Trainee: 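Here it is: the structure, laid out below.
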Amino acid sequence: MVLRVLTGLVILTLLALLGWAVSPRPSHPDARISSLPVDTLRKDTQRQTLAEPFLGVLISTEAVELAPRVEGRLESIKVHVGDPVRASEVVAVLDTAVEQRELAIAKAELLSARASAEVATLAVEQAAERLRRRQDPQQLSLGALSEEELATTQYERRMALAKLDAARAEVQESEARVAQYQQRISEASLRAPFEGVVAGRYADPGALVRSGQAVIHLLRGGKRQVRYAVPEAQAGEVRVGQRVRVQSQGLGARLTGRVAHVAPEVDAASRMLFVVADLDGTSELPSGAVVQVSAEVPVAGVGPVSPPTGQE
């Protein structure tokens, strides 16, 4: 029994050695690579790898400093840092007590000017009617009026027209003054130009602010961008549309995006190329957070290889 088992094992071993000897073997060390499908090789050459990460800073797609156009004292500030605001929402108001009094006076002057213009209009109509009667052909033929009386009537009509023009000019001046004070009162209210989040508040109620002095720093909500710098030696690897990955070590967030803007020249002082990338989706990371940015670059590899002769 043992002899039969040993004989069977020897026969199986000989058959295995014979099969290996007659099996075809590649004649070239690269034949194994050539036997792979062409599509697989092409896909391998197009794979992406991440370059060394760069330090970047998250920024909002739009930010604005809200400042009054007129000097005044802050009456109220309706928002705090971190508060969301809607577009056109009033976030701060300056004291307009003086402007309100001036507006009331200007409106009263406007009413007076309009009344004077109405009186001047009636005077023109009266002078025109008097002149029409005295220029009646029948009276002229009878010699009822002298040339001096007719000239006086014409002069009175011209005077009435001049007074009407002056009254109308006074009305326009009063209307402009009213509009001016209304504009000042309107500019005393700072409104959010877009929907966003309050990132800074630089004054408190009661403070005296100058024209153009920033009071509120507002960031547009929604998508974010990342700004980073690339060394001059690697500037040639950056292109618009390039995929990037963003990671925050401290907060553990990971984001993706694409390069949107590339500076046309290297900064002379730092010898760096500044790049801005749009991030996909929204992020809870605050603007100004320092992150690591890795750009995807193509892998340098073997180009497409044709299948060996005799294979499809």
Side-chain angles (χ1 to χ4, degrees), residues 55-108 110 174-228 246 248 250-253 255 257-258 260-261 274-291 293:
L55 284 181
V57 178
L58 286 185
I59 58 175
S60 178
T61 55
E62 188 173 355
V64 66
E65 302 277 356
L66 299 182
R69 296 184 180 180
V70 295
E71 181 177 346
R73 192 173 302 278
L74 278 175
E75 182 179 285
S76 64
I77 299 182
K78 304 180 182 297
V79 294
H80 296 273
V81 174
D83 288 350
V85 296
R86 301 183 303 274
S88 300
E89 180 180 349
V90 176
V91 296
V93 178
L94 271 65
D95 183 14
T96 59
V98 176
E99 286 76 10
Q100 294 286 356
R101 289 194 297 269
E102 295 293 339
L103 177 61
I105 296 173
K107 286 183 176 180
L110 176 59
S174 298
E175 288 176 344
R177 191 177 298 110
V178 169
Q180 180 182 12
Y181 286 115
Q182 288 176 337
Q183 180 68 20
R184 288 186 182 180
I185 294 173
S186 175
E187 291 176 348
S189 297
L190 300 184
R191 298 179 180 271
F194 48 73
E195 183 177 355
V197 180
V198 177
R201 171 174 157 170
Y202 308 132
D204 295 316
L208 181 64
V209 294
R210 302 183 305 274
S211 174
Q213 179 181 344
V215 176
I216 298 291
H217 181 58
L218 185 66
L219 300 178
R220 181 184 287 276
K223 292 187 177 182
R224 298 290 180 85
Q225 293 178 320
V226 60
R227 180 188 293 133
Y228 61 100
V246 178
S248 173
L251 301 178
L255 305 168
R258 289 186 181 274
H261 307 285
F274 294 101
V275 184
V276 176
D278 292 330
L279 298 181
D280 300 328
T282 58
S283 171
E284 298 298 328
L285 291 176
S287 294
V290 178
V291 295
V293 184

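On a predicted model such as this, the values are computed, not experimentally measured, just so you know.
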Trainee: Does any non-hydrogen side-chain atom of Gln213 lie less than 4.5 Å from one of Tyr202?
Mentor: no
Trainee: Any side-chain heavy atom of Leu94 within less than 4.5 Å of one from Leu74?
Mentor: yes
Trainee: Calculate, to the nearest 0.5 Å, the distance between atoms CD and OG1 belonging to Gln225 and Thr61 respectively.
Mentor: 6.0 Å
Trainee: For a side chain to side chain contact (heavy atoms under 4.5 Å, CB included) check, start with the C-alpha distance between Gln100 and Ile185, then their side-chain angles and the critical distance, and finish with the verdict.
Mentor: CA-CA 8 Å; Gln100 294 286 356; Ile185 294 173; 3.6 Å; yes
Trainee: Can you tell me how far NZ of Lys107 sits from CD of Glu175, rounded to the nearest 0.5 angstrom?
Mentor: 12.5 Å
Trainee: Go through the steps for Val90 and Lys78 under the test side chain to side chain contact (heavy atoms under 4.5 Å, CB included), then give the verdict.
Mentor: CA-CA 8 Å; Val90 176; Lys78 304 180 182 297; 4.0 Å; yes
Trainee: If only atom types and distance count, is the side chain of Glu102 paired as donor or acceptor with the main-chain N or O of Glu99 below 3.5 Å?
Mentor: no
Trainee: Between the main-chain N or O of Glu71 and the side-chain N or O of Ser211, is there a donor-acceptor pair closer than 3.5 Å?
Mentor: no
Trainee: Less than 4.5 Å apart, any side-chain heavy atom of Leu103 and any of Arg177?
Mentor: no
Trainee: Let me confirm one number: the CD-CG distance from Glu195 to Leu218, rounded to the nearest 0.5 Å.
Mentor: 10.0 Å
Trainee: Measure across Ala199 and Val81 and return the closest heavy-atom pair with its distance rounded to 0.1 Å.
Mentor: O-CG1, 4.0 Å
Trainee: Within a strict 4.5 Å, meaning less than it, do heavy atoms of the Val93 and Ser76 side chains meet?
Mentor: yes
Trainee: Using modelled atom types and a 3.5 Å cut-off, is there a donor and acceptor pairing between side-chain atoms of Gln183 and backbone atoms of Gln180?
Mentor: no
Trainee: Considering non-hydrogen atoms only, spot the tightest contact between Arg210 and Pro68 and give its length.
Mentor: O-CG, 3.8 Å
Trainee: Exactly one of Leu190, Val91, Val215 should register a side chain to side chain contact (heavy atoms under 4.5 Å, CB included) with Ile77. Which one does?
Mentor: Val215
Trainee: So do Ile216 and Arg201 actually touch side chain to side chain, heavy atoms under 4.5 Å?
Mentor: yes
Trainee: Could you state the interatomic distance from CG (Leu219) to CD1 (Ile59), rounded to the nearest 0.5 Å?
Mentor: 10.5 Å
Trainee: By the definition side chain to side chain contact (heavy atoms under 4.5 Å, CB included), identify the one residue from Val197, Leu66, Val85 that meets it with Val79.
Mentor: Val85
Trainee: Measuring from atom CD of Glu62 to atom CZ of Phe194, what distance do you get when rounded to the nearest 0.5 angstrom?
Mentor: 4.5 Å
Trainee: Check whether any side-chain heavy atom of Val291 sits under 4.5 Å from a side-chain heavy atom of Val57, and report yes or no.
Mentor: no
Trainee: Starting at CD of Glu75, measure out to OG of Ser189 and round the result to the nearest 0.5 Å.
Mentor: 8.5 Å
Trainee: Compare all side-chain heavy atoms of Arg224 with those of Leu279 and state whether any distance is below 4.5 angstrom.
Mentor: yes
Trainee: How close do Tyr228 and Ala277 get, heavy atom to heavy atom, and via which atoms?
Mentor: CE2-CB, 4.4 Å
Trainee: Identify whether the distance between the nearest side-chain nitrogen and carboxylate oxygen of Arg69 and Glu187 falls below 4.0 Å.
Mentor: yes
